[in-house]
Amino acid sequence: MSGSDRLENVNPQIHSTAGQRPVTAAELDNSVTDPIDAREVFDLVRDIADPEHPLTLEQLNVVEQELIEVDPAAGLVQVQFTPTIPHCSMATLIGLSIKVKLERSLPARFKIDVRITPGSHASERAVNKQLADKERVAAATENGRLLEVVNQCLVPPAAAGGA
Amino acid sequence: MIRVLDENAMSRKLEPVCSLSGHTDRVWQVAWDPAGRTLASCSADKTVRLWSETGAGWSCATILADGHERTVRGVAFSPSGRLLASASFDSTAAVWDREQAWECAATLEGHESEVKAVAWSRSGKYLATCSRDKSVWLWELTDDRELDFECAAVLMAHTQDVKRVSWSPVEDRLASCGYDDTVRLYRDDGDDWVTGAVLKGHSSTVWAVAWDGAGKRIASASDDGTVRIWAETQPPDQWSCVALLSGFHQRAVYDVAWCPLTGLLATACGDDAVRVFAEEPGAGDGGAPAFGLVASVPRAHGRDVNAVSWSPTERGLLASAGDDNLVKLWRVSEE
């Protein structure tokens, strides 16, 4: 995807992963609607693969549950993601993967805002503006090649052969 | 600050007329023919649909497929109503001919990336297209019968994607807006098409521009959640912002439409609502206009509203398009 053979971040810091969330009795009850919460959104994005390393966004601390905000009544989901280095050229692609994953997984009524964690990237405003432009996002994901790269990042880790 | 407004306190009502389903993906834009009898809509499903009213109500009369290979982003009828232009992410604009049973009569190629909008000049002489490639192209209809178009000008004024183009209703003067947060104006100075004013003020992408019926003012809708009204304070190229509609929209404003019959302003917003504003008579000092919210439908569509368009012939009749794949018609009650 990037023209060079050298990884941008040769020695990424790998973080431990949170365990599986224990299932409660209420969640097993089909008559109770589970409100979408930050943990559920985190579960959707934690296993997205980084485009460069065989690691997940959770392992690289690119996504954290604490940086996800959900307002189920208003139908708003806000995800802040932290690129591993401030000049990461993959930032837009990573943001796009998060956005596409959530758009495919969450009910249509949710508005999904994906932004760079403030102060963590040199081109924060430009990347945020691109991710917020639904016309640009729509046109980009109609592009076969880019969509393929995004879909690669969204393949579940087991199917991808594990990290 | 978002003003919390009581819907019941609004002076008018926006009544639903009907909901038109058929598109299989988000609907990006709607446009009326000059007679107000046909409504065109275009979609990410790559088609254009034409809707008209029969005894049984509104229904889809024609589907224009096979004209574009990707999303159709914009549509516009020519002033005579005979031709329909469409803009597509496939980098082309197409022209369809009512007199040939809506066959695709011409395909305009040249843009380097997605074409976002099409607009016909009042005279019918020019078709403007705009694109992510930052340019606005003017196409001249050189042969009325053969439907030949020639590129008359390529205007490279914007520094980023151009989202919309809109011609003045009274003269061949063009406005464009886009990702560089500006609105730009163009006119023919006799020899060339030149860029006149650059309207700055929005803090994010400007999604749409619309002229008032007299061709003296412009409304712009932005990702920053506001609508700005601009007036030409000193012809030919001095414009300034004379009103700011702020605190009404909770998310990006994707479209604004200014009705030439009633003077009402309608907006399409990413918060799923359609809103109608009216100019308050005699408000403001020194003639500065003031606009008040007179009607709104909070959940006009199940998702983002992408477009609004006033009927050119029936007062208060408004069409809207949304990410819920629907086209809807509304009627604003009289005062």
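Within every chain, numbering begins at 1; the chains are lettered A, B, ... in the order of the sequence lines, protein sequences first and strands thereafter. Predicted model, so just to flag it, every value in this text is computed and none were measured.
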Review item, side-chain donor-acceptor pairs of residues 104-120 of chain A, under 3.5 Å, at least two apart:
residue, atom, partner, partner atom, Å
A/R104, NH1, A/N151, OD1, 2.9
A/R104, NH2, A/N151, OD1, 3.1
A/S105, OG, A/K101, O, 2.6
A/R109, NH1, A/P72, O, 3.0
A/R109, NH2, A/P72, O, 3.1
A/K111, NZ, B/G270, O, 2.8
A/K111, NZ, B/D272, OD1, 2.4
A/K111, NZ, B/D304, OD1, 2.5
A/D113, OD1, B/R251, NH2, 3.0
A/D113, OD2, B/R251, NH1, 3.3
A/T117, OG1, A/F81, O, 3.1
A/T117, OG1, A/T82, OG1, 2.8
A/S120, OG, A/T117, O, 2.7

Inset, instruction - Kindly indicate whether the side chain of B/C269, heavy atoms from C-beta on, has any atom under 4.5 Å from the side chain of B/V305. - result: no

Legend entry - Atom group of B/E69 that falls short of 4.5 Å from chain A, counting heavy atoms: neither

Inset, instruction - Answer with side chain, backbone, both or neither: which region of B/Y254 has an atom nearer than 4.5 Å to a non-hydrogen atom of chain A? - result: side chain

Legend entry - Winner by heavy-atom pair count (cut-off under 4.5 Å) against chain A, out of B/K116, B/E114, B/R132: B/K116

Legend entry - chain B contacts, top residue of A/G75, A/A139, A/A138 (heavy-atom pairs, under 4.5 Å): A/A139

Legend entry - Residue-level interface, residues 128-137 of chain A with chain B, non-hydrogen cut-off under 4.5 Å: A/K129, A/Q130, A/D133, A/K134, A/E135, A/R136

Inset, instruction - Would you check if B/D255 and B/V308 make a side-chain contact, meaning some heavy-atom pair closer than 4.5 Å? - result: yes

Legend entry - side chain to side chain contact (heavy atoms under 4.5 Å, CB included) assessment of B/T92 paired with B/V115: CA-CA 6 Å; B/T92 72; B/V115 186; 5.6 Å; no

Inset, instruction - Check the surroundings of atom NE2 in A/H15: do more than 12 heavy atoms from other residues, nucleotides or ligands lie under 6.0 Å from it? - result: yes

Legend entry - Side chains of B/T205 and B/D223, donor plus acceptor under 3.5 Å: no

Inset, instruction - Identify, with sequence neighbours excluded, every residue that meets ring pair (Phe, Tyr, Trp, His ring centres under 6.0 Å) alongside B/H23. - result: none

Inset, instruction - Scan residues 60-78 of chain A for pairs that pass salt bridge (Lys or Arg N to Asp or Glu O under 4.0 Å), counting only residues two or more places apart or in two chains. - result: none

